[in-house]
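Here's the structure, in structure tokens; my notes come after.
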Amino acid sequence: MRLYWLVGALALALLIGVAALQVPSPVGASAPPTAFSAERAIADVRELAQRPHPVGSADHARVRDVLLRRMAELGLQTSTQSGPISRGSARYLRRIGGDPEAANFTATNLVGVLPGRDPSLSAVALMAHYDTVPGSAGAADDSAGVAAVLESVRAIRARGPADRTLVVLLTDAEEIGLDGARVFWGGHPLRDRIGAVVNLEARGGGGRAMMFETGRGAAETVALFGRAGVRADGGVTTNSLAAFVYERMPNGTDFTIPKDRGVQGLNLAFIGRPEQYHGASSPEALDRGAVQHIGSQALESADALLRAQVLPARGADRVYADLFGRVVLDHAPATGWGLLALAALLLAGATWRARRRAGLTFADLGRGAVDGVWFLATGLVLTQAVRTLAGSIAARAESADAYYTLLARLPWMEAGAALTVLALGMAVLGGRGRPDRRVTAGAIAAAAVLALALGGLNPIVIGAAVVAIGLSLAPGLAAQTPWGGWTGLIALVLALGAVAQTVAPQTAFLFLWPALPAAGVAALAAFVDPGLTRPRSLGPVAFVAAIGGGWLVALSHPVFLGIGLDLPGVLALMGLLALMLVRPLSPGRGAVRPWLMAALAVLVLGGALSFAARSAEPAAAETPAAV
């Protein structure tokens, strides 16, 4: 019986997650004037992305003239602002095939103003960059963003006058060092009038657009985006984990500059179809649905800011995440402690009842937690090994071409890593102590050697391998009952949640939000069906697993696209959370052997898919325009 519930829950979770990852359908040019239309925006992309237009190129000047004309047609008061590019940016531009001398070492920003009814109010800026790298026409990065800004301006005007002034800022020299943004925010007369910014970016050619960064202390900004963004076509994709991680990454976007000045705002980007990043990125290859998604979010957010009585101000931090794009849940960081306490209380009730009615022991609960540690450690090793089958990790640092090649292989790597994590989860559900312990330990050791040989010395992989091999050689530490495995995993996830809540509360929702319903349904099952054999307990477990698993699938995809090149083991962490949800649905003893054989087949398939990624190459770079 449990096997049917398990397979059904996993299948439904996958369907829910995949559905939540879909982009909205593009809206045609006949859409109402107040709506965002991807087809109207694509007309501008076609005009802009005819050829590469890096700083200093002939096509760069052509694009600048086209944009000034389009901005004037939209009723904007247009002007330009020029300033020097840095020496470092000039050296970088030469290294990638550009010519800073042809631009006279100058960046030229394009500024448009749509006056509001009350000039005394702080203004709102819509921002994107119009330059490209030398080898790419930049249909996605960032002609799609520029075109979305223009289409948003048209729709905002159609919605009627706003009290606040709209500033359209199309920056130059973003690709070589954010120089255009530095020039504007360093001294333009409008700089101090702007109270909020909506920036549009891309690191790929499709997929759902994520709001991945805000200003600091963004509780009010998140609240406004939660109200406005969900009105966009396809809803929103956002969470405070992405904001926390991006804040600590070495790279930046144009939004980095006003953010460092204390300006509030939103940073939007899509990162799907990574093979198009800085490669052959034509308007025809661009995902229309992605343009619709990012553009409609930009429109709704900017319009809400323009018509707000008071703009969001810097205040407290906020923990937040969307649920399938339809609603943004948020709470104060300190609330995480309350969620943790409630989940722990529910777990304690489930444990007390299961000890009395199902023979659960604290020793078996501890073994269940050890199962989770083994899963996580083994997952870190195997996903790293599978990831290296697609290409050397060190290649990322060797050259830009090598980096773009790895990006083109990223979807294959994700499929390989995801199947690897699934296989490990199946192994735990089937009983990880059943196969020969020496075979299991040897396989993990071989995977670690492969990961280190192809990926270089990695202390995390070495440490994880030691833990995984040690636990594999001690099969007596594997959970012996469904209740032990289930309560032990919930306890482990709560422990990880407590660490996250202490160190980085913006990330703790990742553990606490799934653990709370898991603990709740465990308490329910312990009181209504301690034997875990009847639909009245298995049904709620499968329901929570399907919904929670679907949310984790939708969350995992953008996370892997963002950091999977370097940290493929992040899927092992996501897998641990999913395993916690489905653990009581472990197959019966009669199905263990075929179940474990199926897990081995899934593992082999994952490695084969990642290795097949070696055949995936980025689209050929386009011929740079003459300079």
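For this chain, numbers begin at 1 and follow the sequence in order. Quantities reported herein were computed from a predicted structural model and do not represent experimental measurements.
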Expected output: side-chain Thr132 to main-chain Ser136 donor-acceptor under 3.5 Å: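 Present.
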What are the two closest non-hydrogen atoms of [X] and [Y], and how far apart are they?
{"X": "Ala451", "Y": "Gln384", "result": "CB-CG, 3.9 Å"}
{"X": "Pro100", "Y": "Arg94", "result": "CD-CG, 3.5 Å"}
{"X": "Ala613", "Y": "Ala390", "result": "CB-CB, 3.8 Å"}
{"X": "Trp551", "Y": "Ala321", "result": "CZ2-CB, 4.4 Å"}

Atom pair [atom1]/[atom2] of [X] and [Y] - distance to nearest 0.5 Å:
{"X": "Met249", "Y": "Phe212", "atom1": "CE", "atom2": "CZ", "result": "9.5 Å"}
{"X": "Thr388", "Y": "Leu454", "atom1": "OG1", "atom2": "CG", "result": "4.5 Å"}
{"X": "Leu339", "Y": "Leu494", "atom1": "CG", "atom2": "CG", "result": "10.5 Å"}

Ring centres under 6.0 angstrom apart (Tyr130, His60):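 Yes.
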salt_bridge(Glu414, Arg409) N-O dist < 4.0 Å: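 Looking at Glu414 and Arg409, the cut-off is not met.
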Check ion pair Arg216-Asp260 (N to O, under 4.0 angstrom):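 Salt bridge present between Arg216 and Asp260.
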Donor-acceptor side-chain pairing of Thr238 and Asp322 below 3.5 angstrom: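 The answer is no; no qualifying pair exists.
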Side chains of Trp412 and Ser610, donor plus acceptor under 3.5 Å: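 No pair is found: no donor N or O on one side chain lies under 3.5 Å from an acceptor on the other.
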Test side-chain hydrogen bond (donor to acceptor under 3.5 Å, both in side chains) applied to Asn199 and Asp254, step by step: CA-CA 8 Å; Asn199 185 60; Asp254 279 341; 5.8 Å; no
Are more than 12 heavy atoms from other residues, nucleotides or ligands located less than 6.0 Å from atom [atom1] of [X]?
{"X": "Phe611", "atom1": "CZ", "result": "no"}
{"X": "Ile460", "atom1": "CD1", "result": "no"}
{"X": "Arg438", "atom1": "CZ", "result": "no"}
{"X": "Arg87", "atom1": "CZ", "result": "no"}

Step-by-step side chain to side chain contact (heavy atoms under 4.5 Å, CB included) determination, Leu407 to Glu275: CA-CA 6 Å; Leu407 277 180; Glu275 73 280 358; over 6 Å; no
Stepwise side chain to side chain contact (heavy atoms under 4.5 Å, CB included) test for Ile271 and Glu201: CA-CA 9 Å; Ile271 61 176; Glu201 258 291 358; over 6 Å; no
Step-by-step side-chain hydrogen bond (donor to acceptor under 3.5 Å, both in side chains) determination, Arg208 to Thr237: CA-CA 7 Å; Arg208 288 179 64 84; Thr237 299; 2.8 Å; yes
Criterion salt bridge (charged side-chain N to carboxylate O under 4.0 Å, His left out) on Arg203 and Asp141, from CA distance to verdict: CA-CA 7 Å; Arg203 200 208 68 179; Asp141 184 18; over 6 Å; no
From CA spacing to verdict: side-chain hydrogen bond (donor to acceptor under 3.5 Å, both in side chains), His293, Asp287: CA-CA 10 Å; His293 195 219; Asp287 182 355; over 6 Å; no
